[in-house]
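Structure, as structure tokens:
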Amino acid sequence: DDGVTLAGTLTWPASGARCKAVVLVSGSGGQDRNNTFSEHKTFFVLADYLARHGIATLRVDDRGVGKSGGNLKESGLPDADADAVAAVNYLKQRPEINADSVGVIGHSEGAFVAFSMAARKEVPFIITLAGGGVSGSELLLMQRAALLRASGVKEDFIEKYNNYMRQAQDIVLQSGDAATCERKLTELFNGTPLAGQAAATTQQLYNVAKIELLKYNPEWDFPESTCPVLALNGDKDCQVPVENLEFIRKGISENGNTQVKTIVFPGLNHMFQPAVTGSPVEYSDIEETIAPAVLQEIVN
């Protein structure tokens with residue numbers, strides 16, 4: 001609706017029959033249509049697998065990435081939501097697609113888009129891959145703790161660190177501009193282990209994408225999410241820790257939705273690869289792009 005043109009790839013089965021379809025929604029940062037990371041192409045593999053099992057997919061370059069228009073630096077969750085809605089509506093108009101069977105698969109932050117679309121009754125089902133079940137603010141704190149823990153940092157330091165970061169996130173949301181944010185963070189970090197990191201923290205957090213993430217809470221959407229939900233997570237995930245699955249299950253099922261299924265995959269990381277620690281530094285060293293068991297559950 002705002003005039004941005006998105007570019008993507010539509011993949012459908014060779015049978016030629018009208019089929020079910022899903023829109024693939026990527027996580028945070030500027031992702032291309034294949035959700036490429038460390039030479040792996042998760043969404044390419046997923047689209048290929050789904051097509052071979054009779055399900056079409058549409059995967060799209062994020063705004064300002066690849067061949068899509070728009071400005072990545074000015075894009076946040078509401079934009080990702082609007083783009084996913086546009087993608088679903090596009091699929092519904094295609095003759096190859098069964099219009100009432102177009103769902104969404106959201107990876108990581110893309111799960112928040114899926115929850116919002118489910119709450120608005122815009123899709124008949126959603127699948128979340130490593131999706132958060134808490135607010136964006138809480139999720140970032142959980143992520144930092146998990147990453148530090150995987151690096152061998154002691155719990156007492158993690159607790160103190162996140163205490164300051166919780167305050168820092170509040171400052172980001174309350175600041176009217178980046179300069180004010182950096183000044184307040186400098187005051188907060190003074191005399192702490194984070195002294196000297198105000199500028200870097202401002203750069204990391206004071207941007208449209210992070211501010212919109214910090215604002216969002218899936219608890220707003222859980223009460224209205226009445227469609228079938230499949231939520232998957234690896235227990236080695238250091239970016240969206242596996243305990244989020246229980247928050248999703250409980251949050252959505254409390255509205256009476258009995259079609260909520262959660263699955264924990266032992267030994268898999270945030271990208272659903274077999275991992276040792278789950279740290280992102282391992283991603284490029286792992287040969288497998290996405291575990292076959294995950295692909296099978298998505299098709300099922």
Side-chain angles (χ1 to χ4, degrees), residues 25-29 76-78 80-81 84 104-120 126-150 153 155 158-174 201 204-227 229-257 260-265 268-272 278-280:
V25 183
S26 61
S28 59
L77 263 177
D81 190 314
V104 168
I105 299 178
H107 177 249
S108 195
E109 192 175 313
F112 287 165
V113 172
F115 293 141
S116 294
M117 294 181 72
R120 297 193 303 265
I126 64 170
I127 299 173
T128 67
L129 308 177
V134 295
S135 70
S137 180
E138 287 299 318
L139 186 60
L140 286 181
L141 296 172
M142 293 175 70
Q143 181 182 101
R144 292 189 191 95
L147 290 170
L148 289 170
R149 202 170 287 124
V153 178
E155 291 297 324
I158 294 174
E159 183 177 353
K160 292 177 182 177
Y161 179 84
N162 261 351
N163 179 51
Y164 287 114
M165 290 308 299
R166 184 183 298 276
Q167 297 177 68
Q169 290 174 180
D170 289 340
I171 287 172
V172 169
L173 291 175
Q174 295 164 10
T201 303
Q204 177 194 9
L205 295 178
Y206 198 85
N207 56 72
V208 173
K210 280 297 192 293
I211 290 173
E212 293 294 346
L213 174 61
L214 290 171
K215 288 179 180 178
Y216 177 76
N217 192 333
E219 291 183 0
W220 304 334
D221 292 321
F222 286 163
E224 304 299 325
S225 299
T226 56
C227 68
V229 177
L230 174 65
L232 312 179
N233 224 112
D235 70 357
K236 291 284 188 180
D237 194 332
C238 289
Q239 292 177 261
V240 179
V242 69
E243 53 262 39
N244 278 276
L245 279 186
E246 179 58 19
F247 296 130
I248 293 172
R249 186 202 64 76
K250 183 178 179 181
I252 298 179
S253 62
E254 281 183 347
N255 70 22
N257 188 341
V260 182
K261 182 177 182 180
T262 61
I263 303 176
V264 178
F265 291 91
L268 300 189
N269 62 20
H270 186 61
M271 307 308 294
F272 293 91
S279 171

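Please read these numbers as outputs of a predicted model, since none were measured by experiment. These values consider heavy atoms only, across backbone and side chains, with no hydrogens, waters or symmetry-generated copies.
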Quick one: does [X]'s side chain get under 4.5 Å of [Y]'s, heavy atoms only?
X: L232; Y: T128; value: no
X: D237; Y: N244; value: no
X: P280; Y: Q239; value: yes
X: Y161; Y: L148; value: yes
X: D235; Y: V264; value: yes
X: V172; Y: L214; value: yes
X: I126; Y: F115; value: yes
X: L205; Y: L140; value: yes

Problem set entry | Side-chain donor-acceptor pair present, Y216, D221, cut-off under 3.5 Å | yes
For this session: Give the C-alpha distance, both sets of side-chain angles, the deciding distance and a yes or no for side-chain contact (heavy atoms from CB on, under 4.5 Å) between F222 and N255.
Result: CA-CA 8 Å; F222 286 163; N255 70 22; 5.7 Å; no
For this session: Would you confirm whether N217, through its side chain, and V134, through its main-chain N or O, come within 3.5 Å as a donor-acceptor pair?
Result: no
For this session: Please check if the side chain of N162 supplies one atom and the backbone of M165 the other of a donor-acceptor pair under 3.5 Å.
Result: no
Exercise. Which is it for E246 and R249 under the side-chain contact (heavy atoms from CB on, under 4.5 Å) test, yes or no, and what are the steps along the way?
Worked result: CA-CA 5 Å; E246 179 58 19; R249 186 202 64 76; 2.6 Å; yes
For this session: Give a yes or no on this: more than 12 heavy atoms of other residues, nucleotides or ligands lie within 6.0 Å of atom CD of E159.
Result: no
Problem set entry | Q167 atom CD, neighbour heavy-atom count above 12 within 6.0 Å | yes
For this session: Could you go through the side-chain hydrogen bond (donor to acceptor under 3.5 Å, both in side chains) check for T226 and N257 one step at a time?
Result: CA-CA 5 Å; T226 56; N257 188 341; 5.8 Å; no
Seminar exercise, completed: Only one of R149, H270, M142, K236 passes side chain to side chain contact (heavy atoms under 4.5 Å, CB included) with P241, and that residue is M142
